[in-house]
There are 2 protein chains.
Amino acid sequence: MTTPPGPEPRRRNAASTRQAILDAAVAAFCQRGYDGVGVREIAADAGVTAMLVNRYFGSKEGLFEEVVEVVLAPPSVVPETPEDLVRRTAEALVARSAPAADPENPFQLTLLSAHNPRAAEIVRAAMLRHVVARLARLLPGDLAQERGEILLSVVMGIWMMRKVIGTPGLVAIPPEQLETQLAAMLAVIAEPPASG
Amino acid sequence: MTTPPGPEPRRRNAASTRQAILDAAVAAFCQRGYDGVGVREIAADAGVTAMLVNRYFGSKEGLFEEVVEVVLAPPSVVPETPEDLVRRTAEALVARSAPAADPENPFQLTLLSAHNPRAAEIVRAAMLRHVVARLARLLPGDLAQERGEILLSVVMGIWMMRKVIGTPGLVAIPPEQLETQLAAMLAVIAEPPASG
DNA sequence: GTCTATAGAAAGATAGAC
DNA sequence: GTCTATCTTTCTATAGAC
C-alpha cells in the first residue's frame, strides 16, 4: 500500500465540499433555527472542519442567506385558481405540519430563526421576494399582497402551534377535520373582499 | 456626611429586589426571547448583579418559568359570548400587534422563545393551562379545544408576520381593514362545526 | 443581602502549516 | 483544499469576602 499513515484527508473538491456543507446547513437550520446550531456542528455533519464553512460562505450569516434562498425559492404549492390555492394549501399544510413530516421546509426555518433580528431580516426579504409575491399574483381583488400575507400568517401560526409548540389538540385531531376547518377559514381570505 | 466612599450598596430588601428582577425579566424576555437575553443584562436592568438572579430564582430557566406564568396567566380578552370573542380578539390582536404597541404580551414571549426546546416546553404547559383552557370554555360545539388551538394559531401567526417579521402589507394595512378580515376568518372557527 | 472575582463551557472567526 | 491550533468574546453558574 502506498497510502500514507494518519487520517486520510477528505478528497479535495471544492464544489462537492461546498454542497455538502450547504446540505448539512439546510437540515440543521430547518430543525433548530439560526441560533440553535453552531458552525462546528454543521461542519461535522458535512464531514469537514468548521474553518471551511467560513472559507466557502464567509460567515455563519452568509451560509444562512444561501440556506434561506434554497429553502424559500421553490413553491410549496402550485395552484391554478384561488379555490385551488385554498384546497391545496390546506392539504399541504396539514400533511407537512404533521409531527412526523420532513422538517426541511420554509415555515419551520422561519419560525425557529425569527427571534434573531439578523436572521429575521434575511428571512423577511426572501419571503417577500418569493412566497408573498407568488401568493399576491394568485389572489383576485383588492389588497392582494395584504391578503397574501394574512394567508401566510395562518399557515405560520398553525405550523407554530402544531409542529413547534405541539399543542395536544392539533397533534391529535383527525387530519381531515383540521383540513376542513383550515380550508373554510382560508376561503374567507382568498375570496375578493367587499370593497368599501 | 456619614456616607462611606465607594459605590453605595443597594438597599437590602429581598422582596423588592426579587420583584425588580422579575419585572426586568418580563420586559427583556418579551422583547428578545429566552435565548436573546442574558442573566447579566436582566440583572443590570434591575440594578443588581447576575448572582442575585440565581440566588432568587435558582437559574435562568427558573426565572423564565415565573415570567411565563406572570405573562400568560391574565386573560387578554374577557368575552361573554362566542361572537364577542371573535370581535374582541380581532380588536385586541390588531391593536396589540401594531408596530408601536407594548411588547409585553404572551404571544411575543412565545414566538421569540419557542425555538429553544426547554423554553418551548415551559410555554406549552402554561399556554394549555391558561390560554387554551379559557378559549375552550368559550367555544360552543364539538372539538372545542382543537378549535381553540386553531384560533390561537391564527393569533400567533398574525403576530409573527406583523410584529416579529414585519411584512410590509400587514404593517401598512389600515387597522380597520385588517380587523374586518380577521373577524371574518375567526368567525368560521368560533361557530359550532357541522357534525358528521 | 449583596458584592467581586472567577470557573468552565461553548461560540464565531482567523493564522499558518502541509 | 484542508487541516490543527488558537484568539477573543460571551454565556451560566458558583465561591467566598463583607
Side-chain angles (χ1 to χ4, degrees), chain A residues 2-25 28-29 32-67 112-113 115-119 122, chain B residues 2-25 28-29 32-67 112-113 115-119 122:
Chain A
T2 58
T3 307
E8 180 139 16
R10 179 186 179 76
R11 184 151 85 254
R12 301 188 173 188
N13 180 323
S16 73
T17 296
R18 200 190 135 93
Q19 189 62 46
I21 293 171
L22 189 56
D23 290 345
F29 283 140
R32 307 222 292 286
Y34 182 77
D35 282 343
V37 281
V39 293
R40 280 176 173 77
E41 193 174 351
I42 292 170
D45 288 350
V48 299
T49 64
M51 207 228 102
L52 289 191
V53 173
N54 286 334
R55 175 164 181 81
Y56 285 120
F57 297 92
S59 65
K60 184 186 183 182
E61 201 172 317
L63 173 60
F64 184 71
E65 287 183 17
E66 287 213 29
V67 167
L112 296 180
S113 302
H115 76 281
N116 180 312
R118 283 181 183 157
I122 293 169
Chain B
T2 58
T3 307
E8 181 139 15
R10 180 185 178 79
R11 184 151 83 255
R12 301 188 175 190
N13 179 324
S16 72
T17 296
R18 200 189 135 93
Q19 189 62 45
I21 293 170
L22 189 56
D23 290 345
F29 283 140
R32 307 222 295 284
Y34 182 77
D35 282 344
V37 61
V39 181
R40 282 176 173 76
E41 195 173 351
I42 292 170
D45 288 350
V48 299
T49 63
M51 207 228 100
L52 289 191
V53 173
N54 287 334
R55 175 165 180 79
Y56 285 119
F57 298 92
S59 65
K60 185 185 182 182
E61 202 171 315
L63 174 60
F64 185 71
E65 286 182 19
E66 288 215 28
V67 167
L112 296 181
S113 302
H115 75 281
N116 180 312
R118 283 181 182 157
I122 293 169

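Here is the naming used below: chain letters follow the sequence lines, and residue numbers restart at 1 for every chain.
Dashed line: the shortest gap from a side-chain N or O of B/T49 to OP1 or OP2 of C/dT2 is not under 4.0 Å. One finds a side-chain N or O of B/R55 lying less than 4.0 angstrom from the OP1 or OP2 phosphate oxygen of C/dG1. At the phosphate of D/dG1, neither OP1 nor OP2 sits under 4.0 Å from any side-chain N or O atom of A/T17.
We find that OH of B/Y56 is positioned 17 Å from P of D/dA13, with the value rounded to whole Å. If you measure from atom CZ of B/R118 to atom C1' of D/dC11, you get 14 Å, rounded to the nearest angstrom. Rounded to whole Å, atom P of D/dT10 lies 17 Å from atom CG of B/D35. The interatomic distance linking B/R18 (CZ) with C/dT2 (P) rounds to 13 Å, in whole Å.
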Practice item. Could you encode protein contacts along nucleotides 8-14 of chain C as a string, one character per nucleotide from 5' to 3', using B for base contact, S for sugar-phosphate-only contact and - for no contact, with a heavy-atom cut-off of under 4.0 Å? Key: ---BBBB
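Taking CD1 of A/I42 as the reference point, atom CG of A/D23 lies at 12.0 Å (rounded to 0.5 Å). Rounded to the nearest 0.5 Å, atoms OG1 (A/T17) and CG (A/L22) are 12.5 Å apart.
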Can I get a per-line list of side-chain donor-acceptor pairs under 3.5 Å for residues 46-63 of chain B, giving both atom names and the distance, sequence neighbours left out?
unit_1, atom_1, unit_2, atom_2, d
B/S59, OG, B/E61, N, 3.4
B/S59, OG, B/G62, N, 3.1
B/K60, NZ, B/Y34, O, 3.0
B/K60, NZ, B/V37, O, 3.0

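Taking both residues in full, the closest heavy atoms of B/G33 and B/S113 are given as CA-OG, 3.5 Å, listed atom of the first, atom of the second, then distance.
With sequence neighbours left out, the salt bridge (Lys or Arg N to Asp or Glu O under 4.0 Å) criterion links A/E66 to A/R18.
Neither side chain, B/H115 nor A/D35, offers a donor N or O lying under 3.5 Å from an acceptor on the other.
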